[in-house]
Amino acid sequence: MGTVDEGAAPRRDDGTIDLNGLARELLEGVVNAVMDEQAAELCGDGNSRNGYRERGLDTSVGRIVPRIPRLREGTYFPDDVVERWSGTDTALAGATCEMWVNGVSNRKVDRIASELGVTSMSRSRVSRMCASLDGQVAELRGCDLSATTWPYPWLDATYAPCREAGAARSEAVVTAVAASSDGVRHVVGIACVDTESYVSWRGFLPSLRARGLAGVRLVVPDAHEGLVRAMREVLVGATRQRCITHLERNVADRCRRRGDGAAAAAAPRAAFGESDPALVRAGYERAAELLVRVDPAGADLPADAEADALAYLDFPRRHRVWVRTNNVRERMDAEIKRRTRVVQVFPSVDEITPFSLTGPKPR
């Protein structure tokens with residue numbers, strides 16, 4: 001095998017040596033030399049060579065085009081050579097999947113691959129590579145949850161656009177994130193339904209129970225009445241925690257006069273800032289009294305929400321900070337929306353769930 005001298009090395013437009021291009025030439029020379037040697041060993045007993053055929057091969061340094069020898073009798077294909085030098089295809093597929101689940105569009109993946117010297121990374125090829133993620137999603141959606149207890153689930157829904165019968169419509173993506181007994185948060189369930197309603201939640205929550213979701217003590221749902229009703233029927237004995245951040249916003253929104261909202265929300269926020277349960281309860285009652293003076297019409301909100309807003313105080317102190325808000329679910333929804341924004345409109349409902357789920361998970 002010969003060497004490539006510097007004068008013949010590929011160069012960029014600015015005159016510098018293209019190291020990736022040089023590596024591709026060297027690798028292509030090695031592969032061709034190995035195949036020529038193997039083919040020569042087969043050319044005996046009257047058999048002879050009959051030209052070459054080219055085959056594209058993606059590697060870590062870019063795409064090379066080895067020349068595979070043809071034989072007049074029989075066939076020759078260098079499986080061992082192709083497997084050895086295309087082992088980086090696996091890494092390329094892994095990187096492609098990682099870009100895809102992080103919300104990078106197929107066009108951008110194609111462009112990034114082109115920078116690496118891969119010239120045939122079409123959008124259809126990206127989709128085929130990422131099809132391997134479907135199995136991971138199916139495994140997660142059907143995994144057994146009975147190995148531990150799940151004291152704190154967060155439940156919510158967001159919407160993603162898809163096509164049905166040729167028309168674009170929004171589909172509800174309902175998800176469940178739960179903290180296990182060791183405090184680690186996991187995505188434990190996801191499904192697509194026509195719309196967020198009592199009926200859809202009443203169908204989704206039993207599937208979690210059937211897979212082993214047990215030991216639920218405190219649920220942090222959104223304010224959807226259908227979800228709250230289904231939660232109380234399926235997760236019997238669990239307490240509801242109303243997100244304190246959303247409560248503060250609701251208090252501010254109830255104020256009719258401009259400028260009163262910020263002052264009204266500041267009072268419960270100060271109460272929630274205390275760590276001692278007695279001080280939190282006292283501060284909350286004081287906030288309700290102050291709200292009567294600011295806007296009597298909205299003063300009933302803190303009183304009606306008190307039991308659900310302060311439910312977290314009955315749980316271990318180290319857990320209170322993250323069980324009193326729906327921030328875990330808000331983060332999940334933000335990730336789903338970031339990914340679905342790339343696609344704009346999904347071709348079908350079946351495509352939404354794998355795309356939404358294969359990404360950074362809450363920790």
*Asks:* Any heavy-atom pair between the side chains of Leu155 and Asp222 that's under 4.5 Å?
*Replies:*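 Of all side-chain heavy-atom pairs linking Leu155 with Asp222, none is under 4.5 Å.
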*Asks:* Using every non-hydrogen atom in the two residues, find where Ala311 and Leu218 come nearest and quote the distance to one decimal.
*Replies:*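 Heavy atoms of Ala311 and Leu218 come nearest at CB-CD1, 4.1 Å.
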*Asks:* Looking at CG of Asp333 and OG1 of Thr158, how far apart are the two atoms once the value is rounded to the nearest 0.5 Å?
*Replies:*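 Interatomic distance, Asp333 CG to Thr158 OG1, rounded to 0.5 Å: 4.5 Å.
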*Asks:* Checking Val219 against Arg240 for the side chain to side chain contact (heavy atoms under 4.5 Å, CB included) test, could you report, in this order, the C-alpha distance in whole Å, the side-chain angles of both residues, the deciding distance, and whether it holds?
*Replies:* CA-CA 5 Å; Val219 183; Arg240 178 201 175 189; 5.7 Å; no
*Asks:* List the atom of Asn326, the atom of Trp154, and the distance in Å for their closest heavy-atom pair.
*Replies:*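 In this case the closest contact between Asn326 and Trp154 is OD1-CD1, 3.4 Å.
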*Asks:* Side-chain contact, heavy-atom cut-off 4.5 Å: Val173 with Ile190?
*Replies:*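 Counting from C-beta outward, Val173 and Ile190 do come under 4.5 Å.
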*Asks:* So do the side chains of Glu225 and Tyr198 get within less than 4.5 Å of each other, counting heavy atoms only?
*Replies:*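 The answer is no, as the side chains (C-beta and beyond) never meet within the 4.5 Å cut-off.
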*Asks:* Answer yes or no: does atom CZ of Arg320 have more than 12 heavy-atom neighbours from other residues, nucleotides or ligands under 6.0 Å?
*Replies:*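 Yes, enclosed.
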*Asks:* Drop me the distance from Cys243's SG to Asp308's CG, to the nearest 0.5 angstrom.
*Replies:*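 If we round to the nearest 0.5 Å, Cys243:SG and Asp308:CG are 12.0 Å apart.
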*Asks:* Looking at Arg331 and Asp156, does any basic side-chain N land under 4.0 Å from a carboxylate oxygen?
*Replies:*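 Result for this pair is no, no salt bridge flagged.
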*Asks:* Any side-chain to backbone donor/acceptor pair from Arg217 onto Trp150? Under 3.5 Å, distance only.
*Replies:*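 Such a contact is absent between Arg217 side chain and Trp150 backbone.
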*Asks:* Go through the steps for Val220 and Thr325 under the test side chain to side chain contact (heavy atoms under 4.5 Å, CB included), then give the verdict.
*Replies:* CA-CA 7 Å; Val220 190; Thr325 70; over 6 Å; no
*Asks:* After noting the C-alpha distance and the side-chain angles of His224 and Trp201, does the key distance pass the ring-ring contact (aromatic ring centres under 6.0 Å, His included) rule?
*Replies:* CA-CA 10 Å; His224 192 278; Trp201 282 111; 7.8 Å; no
*Asks:* Taking the side chain as every heavy atom from C-beta outward, state whether Leu313 and Val280 have any atom pair closer than 4.5 Å.
*Replies:*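 The answer is yes; the side chains approach within 4.5 Å.
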*Asks:* Kindly work out whether a path of hydrophobic side-chain contacts (I/L/V/M/F/W/Y, heavy atoms less than 4.5 Å apart) joins Leu290 to Tyr284.
*Replies:*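 The answer is no; the residues belong to distinct hydrophobic clusters.
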*Asks:* Which atom pair, heavy atoms only, marks the closest approach of Leu301 to Arg242?
*Replies:*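 Of all heavy-atom pairs spanning Leu301 and Arg242, the closest is CD1-NH2, 4.1 Å.
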*Asks:* So which heavy atom on Arg70 is nearest to which on Tyr52, and how close?
*Replies:*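 That closest heavy-atom pairing would be NE-O, 3.4 Å.
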*Asks:* For Gln241 and Tyr312, indicate whether the former's side chain and the latter's backbone hold a donor-acceptor pair under 3.5 Å.
*Replies:*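 At least one qualifying donor-acceptor pair exists.
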*Asks:* Heavy-atom count check: over 12 atoms from other residues, nucleotides or ligands less than 6.0 Å from Glu289 CD?
*Replies:*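 Enclosed: over 12 neighbouring heavy atoms sit under 6.0 Å from CD of Glu289.
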*Asks:* Mind listing the closest non-hydrogen atom pair of Arg209 and Val236 along with its distance?
*Replies:*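 Where Arg209 meets Val236 most closely, the heavy atoms are NH1-N, 4.5 Å.
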*Asks:* Going hydrophobic residue to hydrophobic residue with side-chain gaps under 4.5 angstrom, can you get from Phe204 over to Val228?
*Replies:*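 Unlinked, Phe204 and Val228 end up in two clusters.
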*Asks:* Between Glu248 and Arg269, does at least one N-O distance fall below 4.0 Å, as a salt bridge requires?
*Replies:*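 Arg269 and Glu248: salt-bridged.
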*Asks:* Could you list the residues that satisfy ring pair (Phe, Tyr, Trp, His ring centres under 6.0 Å) with Tyr152, not counting sequence neighbours?
*Replies:*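 For Tyr152 the ring pair (Phe, Tyr, Trp, His ring centres under 6.0 Å) partners, ignoring immediate neighbours, are Phe315, His319, Trp322.
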*Asks:* Testing the basics here: between Ser180 and His186, what is the closest heavy-atom pair and its distance to 0.1 Å?
*Replies:*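 Looking at all heavy atoms of both residues, the closest pair is OG-NE2, 4.0 Å.
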*Asks:* Show the numbers, then the answer: is there a side chain to side chain contact (heavy atoms under 4.5 Å, CB included) between Tyr159 and Glu196?
*Replies:* CA-CA 9 Å; Tyr159 284 82; Glu196 185 183 10; 3.6 Å; yes
*Asks:* Say whether, by atom type as modelled, one donor and one acceptor occur between the side chain of Glu28 and the main chain of Val65 under 3.5 angstrom.
*Replies:*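 Checked: pair present.
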*Asks:* A side-chain contact here means heavy atoms from C-beta on lying under 4.5 Å apart; do Leu310 and Arg281 qualify?
*Replies:*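 When only atoms from C-beta onward are counted, Arg281 and Leu310 do touch, with a gap below 4.5 Å.
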*Asks:* Under a 3.5 Å distance rule, please check whether Arg185 uses its side chain to pair with a backbone N or O of Val328 as donor and acceptor.
*Replies:*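 Judged by distance alone, no pair lies under 3.5 Å.
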